[in-house]
Protein chains: 2
Amino acid sequence: MRRTIDFKRKQKVIVVDDKYEHASGVRELVNLENDYEVIANAGNANVAISLIKKYQPDLVLMDINMPEMDGINAIAEIQKLNLKTRIIVLTAYDDADLIYRAMKVGACGYVLKTMVSAQLIKALDEVSMGRIYLPNVLCSKFFEYFQEFERNGQKAMEDDNEENLLHYLTNREEEVLSLLLEGSTYKDVARELFISETTVKTHVNNIFQKLQVKEKTQAVLYAINKGFKPKKKVGVA
Amino acid sequence: MRRTIDFKRKQKVIVVDDKYEHASGVRELVNLENDYEVIANAGNANVAISLIKKYQPDLVLMDINMPEMDGINAIAEIQKLNLKTRIIVLTAYDDADLIYRAMKVGACGYVLKTMVSAQLIKALDEVSMGRIYLPNVLCSKFFEYFQEFERNGQKAMEDDNEENLLHYLTNREEEVLSLLLEGSTYKDVARELFISETTVKTHVNNIFQKLQVKEKTQAVLYAINKGFKPKKKVGVA
DNA sequence: CATTTTCTCCATCTAAAGATTTAGATAAAA
DNA sequence: TTTTATCTAAATCTTTAGATGGAGAAAATG
């Protein structure tokens with residue numbers, strides 16, 4: 001194959017799977033390739049992390065349904081090490097949210113165990129060359145979830161959780177709050193809205209009561225957490 | 001081709017491109033296929049939205065560098081209509097952030113104008129069958145951006161160049177700041193860290209100087225914008 | 001029309017925030 | 001050993017912030 005000329009040395013691979021037979025099967029399969037060499041197996045996430053720290057492999061093939069620490073968290077942990085090691089998920093499950101979470105925490109590929117072995121090698125090739133490997137079907141599932149996530153991300157924040165106290169604010173109070181969100185003092189707000197500082201204080205006190213907080217910073221934090229977006233631009237031309 | 005048997009009627013397509021020649025070229029190309037029929041062209045985003053509302057096409061081929069409203073916003077607007085219409089981006093630009101933003105707001109495909117026409121038809125086929133079409137190269141770029149985005153906690157993407165003044169904070173100052181981020185007063189901080197309030201004020205003043213701000217709220221806002229993450233949990237068991 | 005909200009403003013007061021200077025104790029670094 | 005950085009603390013002072021009560025005017029609401 002063409003790719004054999006791309007590398008000077010074999011790519012070091014670690015296989016992570018709590019089922020020993022699975023890991024062995026994968027090991028043999030990968031070792032058949034000239035470009036790759038499985039240097040270790042790990043039966044759980046903690047062992048995997050230790051081995052990865054020690055050997056700093058080029059690639060990791062990881063099952064993500066394991067006891068103790070689940071694979072997703074394991075991937076996240078490994079990413080924190082800031083190695084060049086790239087991780088490919090190898091699992092039996094193709095749920096959209098699993099794919100999403102795996103890619104989110106830094107996986108570079110996602111292959112199903114039901115797929116033919118050529119797919120796995122293709123994944124190794126692609127990922128070792130710095131690309132992402134996500135078969136079309138899985139890619140579609142990822143985006144299903146991703147786009148649903150982005151769409152409901154804001155709505156779910158506002159009306160899903162608890163009551164959004166921001167709704168009780170009047171227009172003027174929202175204007176004041178939006179200025180506080182920019183780091184303004186009461187004096188600043190008064191200047192920008194052409195009202196007196198005492199008026200600002202009145203508004204602010206009303207805001208505090210409505211948002212059930214006791215301080216400016218808390219009000220600002222509440223607004224940020226609830227995804228507050230100023231309705232009217234208050235800037236002076 | 002096999003796909004001709006999948007549909008009873010031709011899929012209605014609208015082409016959006018501010019360059020008339022481009023739109024025409026695409027139109028002819030698409031009309032060569034039995035399965036698709038371009039029913040309208042649009043030269044800008046507003047016209048496009050009107051036409052889409054009126055005709056509710058199956059597919060939209062959209063250029064995303066247009067005057068007035070840009071294509072990304074246009075896609076977002078169209079998504080709000082909640083139609084079955086699926087949108088494919090057709091553009092000359094392959095920047096990672098463009099791909100990311102387009103997919104984020106709901107695009108179902110992304111094709112470069114430099115790609116061969118077969119790619120475009122493939123995209124139409126895939127997307128009309130309910131899948132996502134994103135060529136491998138673009139898919140990799142998307143995930144580059146996506147994973148970077150998730151790692152940095154959504155922050156410091158555009159202004160990554162700017163210095164992050166948070167790095168100058170000492171451990172103790174970070175602890176103080178993290179408590180301020182929870183809405184604590186100085187008295188609260190003093191109580192939680194078992195130090196006097198005057199010490200808290202000293203730390204806070206140092207924080208202000210380092211972050212180049214003048215107030216608690218501004219410091220908190222700066223930290224949030226830079227994606228500040230407390231290193232040590234300060235909570236009392 | 002009467003009522004209620006909203007927005008405006010003032011006075012007064014207490015509490016908290018912030019600026020500035022000085023300084024002791026440690027621990028690491030030079 | 002001297003220097004430097006960090007954490008701690010105090011005194012003093014000025015400026016904001018926040019609480020409370022009242023009140024007038026405009027606008028929306030019933």
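First the proteins, then the strands, lettered A, B, ... as listed; each starts at 1. Note that the structure is predicted; figures quoted are calculated from it, not measured.
A parallel orientation is assigned to the rings of B:F142 and B:F146, their planes being inclined by less than 30° (bins at 30° and 60°).
Judged by atom type and distance alone, A:T202 reaches the base of C:dC9 through a side-chain donor-acceptor pair under 3.5 Å. Scanning atom types as modelled, one donor and one acceptor separated by under 3.5 angstrom connect the side chain of B:K201 and the base of C:dA17.
Counting any heavy atom pair closer than 4.0 Å across all strands shown, B:T198 reaches a base atom. Residue B:T199 is in base contact, counting any heavy-atom pair closer than 4.0 Å across all strands shown. Heavy atoms of B:T185 sit under 4.0 angstrom from primed sugar atoms or phosphate atoms, though from no base atom.
A:E144 and A:K141 are not joined by a salt bridge, as no carboxylate oxygen comes within less than 4.0 angstrom of a charged side-chain nitrogen.
Shown here for B:L134 and B:C139, the closest heavy-atom pair between the two residues is CD2-CA, 3.7 Å.
A close approach under 4.0 Å does occur between a side-chain nitrogen or oxygen of B:S196 and OP1 or OP2 of D:dA10. Between B:H203 and D:dT8, a side-chain N or O to OP1/OP2 separation shorter than 4.0 Å is present.
For the contact set between residues 213-220 of chain A and DNA chain C, defined by any heavy atom under 4.0 Å, the members are A:E215.
Under the 4.5 Å side-chain criterion, counting only non-hydrogen atoms from C-beta, B:V200 is in contact with B:I195.
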